[in-house]
There are 2 protein chains.
Amino acid sequence: MPPAEHVSDPPATAGSPFDGLSLEHSSTVERVADELRRAVFEGELESGTPLREVALAESLGVSRPTLREALALLVAEGLATREPHRGVSVAIPDPESVRDVSTVRAVLETAGVRNWPHATEEARAAVRRALGDYEAAVAAGATYQELNQRHLAIHLGLVGLTGSPRLVSMAESVVAELRLVLAQIDRVRRNARDQAGSHHHLLDLLESGDIDTAVDELGHHLHGAEDALIERLDLD
Amino acid sequence: MPPAEHVSDPPATAGSPFDGLSLEHSSTVERVADELRRAVFEGELESGTPLREVALAESLGVSRPTLREALALLVAEGLATREPHRGVSVAIPDPESVRDVSTVRAVLETAGVRNWPHATEEARAAVRRALGDYEAAVAAGATYQELNQRHLAIHLGLVGLTGSPRLVSMAESVVAELRLVLAQIDRVRRNARDQAGSHHHLLDLLESGDIDTAVDELGHHLHGAEDALIERLDLD
DNA sequence: TCGCAAAGATTGTCAGACAATCTGACAATC
DNA sequence: GATTGTCAGATTGTCTGACAATCTTTGCGA
């Protein structure tokens, strides 16, 4: 939820003596939420698993109110669902929500791509960097989780082209839901397709200024991803 | 926050004997959050007002943990901000955030308008109804608050044309921020311009199938609103 | 007047408790 | 045999009270 804390880097070469200082958010509830997210994204918690308050609180060494706040965060992010007097459980992705998430991605990312000519150079550089990192990870044979994460980072970068913090924040939210879906799908067979080619093509189109074709390409890419996800989801 | 509860109506004529059953959500924290939102939207709480936990809890007759959960909701919605060890206070709208909210609105509402031809008839009817309600309120000389609310309902209806619950939910979030801004601006002089003409024109364009012109019209409308808001915000 | 230490206020977190509600099993009734 | 009523256990929703950490303000001395 913290919408991209750092913003203004120190003036390039200056190199303030304080660089690796982030002082982990001391908020206990944030740390608990992070741990829960991690567990969800890594597939340690299966969809539908009830998150019992007392057990979890004790297991994590925090009090129940603190854990409840963390759970509320997870619920707000769509990673878990709460039913009155029945507690919170890990969200169970259904085809309908996958379709909706894809719709949202299409709207947000298309807006970013269309804004490529007017985006800041920094935002454009971020997209190039994300693509480079992804390709490097592919070449290095990274884990499927890292590939998924870097892949999604590219798409977040596209939304970043809008220059709108709120749109990026919204994109982060749906991407989190997507990571949940991916984690569940890949719980057993953990494979992440190499999609570097498609993204590279998209970036080439943008660099050459052919925005309309880029939008089409993005649409196809997202549609394909949506179909693939739903198909695999239906197998369970 | 409840993202459109009802979804599947009973099969048309079937009509289960239980129709008007909604049994208000009894959750205390929800009721507290509702009350706080109301107070913010009605301008009873000025921007920057610190929301002291003990005082508020006592004043509302709830315990501090319960109030804290409600505050967390407000913060998540962007209606309030939390600073570590300094507590929660009513968000203070700055020009930058107004600009960002306008950007988000433009993206979401444009997506809806572009989808007009493919939207469900129900979604289209909702837009017509919202516009009708707004015009009726104008004619009846309703309060500025009701006018604002009905006006924003039209724009929510536009986003509804996408058929995406998540996009609508996101739109609701930014609209809430906008209501906060409006409440603060109109705290003293409470005037809401009559904008029925512009919206009617937009709907006419949609009905006639001239989507591109409608998108342009929407862009102008939003841009004008953004400028007007920022101008008035700077006066304070 | 300015800087600094002590006091007060406020938040972050915890522990324990109780009522309301859900779940499931079993008995009672039609 | 199926529906309904009842009960025990488990879990959540909420409250009370408390304590340490931190922020803000007051007051004092240079």
Side-chain angles (χ1 to χ4, degrees), chain A residues 1-2 5 21-37 39 45-77 79-92, chain B residues 1-2 5 16-18 21-37 39-40 45-77 79-92:
Chain A
M1 186 103 316
E5 200 57 32
L21 53 0
S22 65
L23 191 66
E24 50 169 321
H25 16 186
S26 56
S27 167
T28 304
V29 45
E30 265 304 330
R31 258 173 299 150
V32 170
D34 281 344
E35 176 64 8
L36 291 178
R37 289 194 203 95
L45 271 47
E46 196 171 0
S47 280
T49 303
L51 303 175
R52 295 284 134 74
E53 300 185 354
V54 281
L56 260 183
E58 187 172 352
S59 169
L60 292 172
V62 300
S63 75
R64 202 153 75 89
T66 301
L67 181 89
R68 274 178 69 89
E69 279 195 46
L71 288 182
L73 284 180
L74 274 276
V75 170
E77 293 167 20
L79 266 50
T81 58
R82 142 165 288 142
E83 293 182 277
H85 291 282
R86 213 174 298 184
V88 175
S89 39
V90 181
I92 53 181
Chain B
M1 185 101 315
E5 199 57 32
S16 109
F18 322 109
L21 45 7
S22 65
L23 193 64
E24 55 168 314
H25 40 151
S26 57
S27 167
T28 304
V29 47
E30 264 304 330
R31 259 173 299 150
V32 170
D34 281 343
E35 175 65 7
L36 290 178
R37 288 194 203 96
V40 167
L45 270 46
E46 196 172 359
S47 280
T49 304
L51 303 174
R52 295 281 133 74
E53 299 185 353
V54 281
L56 260 183
E58 187 173 352
S59 169
L60 292 172
V62 301
S63 74
R64 201 154 76 90
T66 301
L67 180 90
R68 275 178 68 89
E69 279 194 45
L71 287 183
L73 285 179
L74 273 276
V75 170
E77 293 167 19
L79 266 50
T81 59
R82 143 166 286 143
E83 293 181 277
H85 292 284
R86 214 175 295 187
V88 175
S89 38
V90 180
I92 53 182

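Letters A, B, ... mirror the listed sequences (proteins, then strands); counts begin at 1. Every heavy atom of this structure was used, including side-chain atoms; hydrogens, water molecules and symmetry mates were not. These numbers come from a predicted model, not from an experiment.
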Span of DNA chain D, from the first to the last nucleotide whose atoms fall under 4.0 Å of chain A heavy atoms: D/dT11 to D/dT14
According to side-chain hydrogen bond (donor to acceptor under 3.5 Å, both in side chains), who are the partners of [X], at least two apart in sequence or on a separate chain?
{"X": "B/Ser89", "value": "none"}
{"X": "A/Thr81", "value": "none"}
{"X": "A/Thr49", "value": "none"}

Taking both distances under 3.5 Å as the test for a Watson-Crick or G-U pair, what stems of at least three pairs does DNA chain C have? C:1-30 with D:1-30
In residues 53-63 of chain A, which ones come under 4.0 Å of DNA chain C, going by heavy atoms? A/Gly61, A/Val62, A/Ser63
Let me spell it out: for each of A/Arg86 and A/Val29, pick the nucleotide of DNA chain C with the closest heavy atom. Which residue's pick is nearer the 5' end? A/Val29
By the salt bridge (charged side-chain N to carboxylate O under 4.0 Å, His left out) test, which pairs, at least two apart or in different chains, include something from residues 55-65 of chain A? A/Glu53-A/Arg64
Apply side chain to side chain contact (heavy atoms under 4.5 Å, CB included) to [X] and list each qualifying residue two or more places apart in sequence or on a separate chain.
{"X": "A/Ala33", "value": "A/Arg37, A/Ala70, A/Leu73, A/Leu74"}
{"X": "A/Ala55", "value": "A/Arg52"}
{"X": "B/Ala72", "value": "none"}
{"X": "B/Arg86", "value": "B/Glu83"}

Assign [X] to base, sugar-phosphate, or nothing according to its heavy-atom contacts below 4.0 angstrom with the strands shown.
{"X": "A/Pro50", "answer": "nothing"}
{"X": "A/Arg64", "answer": "base"}
{"X": "A/Arg68", "answer": "base"}

How many angstroms lie between CG in A/Leu51 and CG in A/Leu67, if you round to the nearest 0.5 Å? 8.0 Å
Do A/Leu36 and A/Leu71 touch side chain to side chain, with heavy atoms closer than 4.5 Å? yes
